[in-house]
Structure formats: C-alpha cells, structure tokens
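Please read all numbers here as calculations on a predicted model, not as lab measurements.
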Amino acid sequence: MSEAEAHHLEGLLEHLRDLVETARTMPMSASVLVNRDEATDLINQALASLPAELRHARWLLKERQEYLSTAQREAGELLDAARVQAERMVERSDIVREARRSAQQIIADAEAEARRLHHAAEDYVDARLAALEGLLDRTMTGVRKGRERIAVELPPEEKEEDDEEPREVPVFDQDLTTQPDKAH
C-alpha cells in the first residue's frame, strides 16, 4: 500500500468518525442519528481503498483456516485408524501371549504326567520283582527242605593219622543209583 493510498484510507475513516461524533443525539438516549447513506458511502469507499494485498491476505487466512480444519480432520482420522490398528496388534499379542502360556502349561502338565507314569511303572516293576523274590525264596526254601529230606547220612570215616590230605566224603547221587544199565 502506497503512502497516498494509506493517507486516503485514513482520511475516509476520520471523516466517518467525525460523522458519528457530530451526529445529533436522540433525546434521553446515548444513541445518535447518522445519515445512513453518507455512512455507508464512506465505509464502501474505505473498503474499496483497501490494498489488494490485504484482500489477498484475508483470502490466504481463510484458505489457511480451511486447510487447518481439513488437516485436523485427517489427523483425527489417522489417529483413530492408528488406535484401531494398535488395539488389533495388542489383541494379537495378547492372543499370542495366551497361546504361549497355554502351550507352556500343556508342556508342564505333560512332563508331570510323564514323571507320574515313570514312577508308577517303577513302582509296578518293583512290586512284581518283590513278588518274584518272595516266590523264589519260597521255592529255594522248598528245594532246601526237599534236599534235606532225601539226603542220606553216611557214617563218618575214620581219618588216618598219617594221611595229610583229607579224604573225600562220598556224596550220594540218586541219578547214579537209578540209571538204567547201559550194558543191556
């Protein structure tokens, strides 16, 4: 805006002020009577004398406000979409975390069951071996008693005094006495 244009605009605004200040007052009121046509004409001249830069600046401000509103709306939409995506990711991570926890629990349960089965198998085998041991003990006792019953006592032989080696005591062998004669 040139100095002349600024001076012209200033003069118009001062004339409008003078018009309002010198206007006739209404009785019993602070209101004044202003010639509408004259005031409107001064305002229109003042607006017309405003520089194009000012009108362009107002247009830029309006465009800026519209751009900011659009950007804020889009930013809000992006934030909402990001929140939704983050919630989905959290849900997925919660599902994965729960699946891992569940898998670890299944593994721990399976290991505990394997230990229990291993101990149960050892207990079963120990019980079977104990029963077999008892059976073998009874069998051995029966064998000893049976051998004692059928054993023949032979009279002890006199030892010769000049014999340094002890003589063998003959053992009764029932197989030798009941063998069939091979000469037949």
Donor-acceptor contacts, no H, no angles, side chain residues 59-82, under 3.5 Å, sequence neighbours left out:
from, atom 1, to, atom 2, distance (Å)
S69, OG, Q65, O, 3.0
T70, OG1, E66, O, 2.9
D80, OD1, R83, NH1, 2.8

(request) Can you measure from CZ (R138) to CD (E133) and round to the nearest 0.5 angstrom? (result)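 That separation rounds to 11.0 Å.
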(request) With rounding to the nearest 0.5 Å, note down the distance linking CG in D94 to CD in E87. (result)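 Going from CG on D94 over to CD on E87, the span is 11.5 Å.
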(request) Decide yes or no on salt bridge (charged side-chain N to carboxylate O under 4.0 Å, His left out) for K145 and E148, but give the supporting numbers first. (result) CA-CA 5 Å; K145 286 181 182 177; E148 286 173 2; over 6 Å; no
Please enumerate all residues that pass side-chain hydrogen bond (donor to acceptor under 3.5 Å, both in side chains) together with [X], with sequence neighbours excluded.
{"X": "E122", "answer": "H118"}
{"X": "R92", "answer": "none"}
{"X": "E14", "answer": "none"}
{"X": "R116", "answer": "E113"}

(request) Using a 4.5 Å cut-off on heavy atoms from C-beta on, say whether the side chain of L13 contacts that of R17. (result)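 Sidechains of L13 and R17: no contact.
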(request) Take T141 and R144, measure what side-chain contact (heavy atoms from CB on, under 4.5 Å) needs, and give me the verdict at the end. (result) CA-CA 5 Å; T141 301; R144 260 189 245 107; 4.0 Å; yes
May I have the list of side-chain donor-acceptor pairs in residues 103-110 shorter than 3.5 Å, sequence neighbours left out?
from, atom 1, to, atom 2, distance (Å)
Q105, NE2, D109, OD1, 2.8

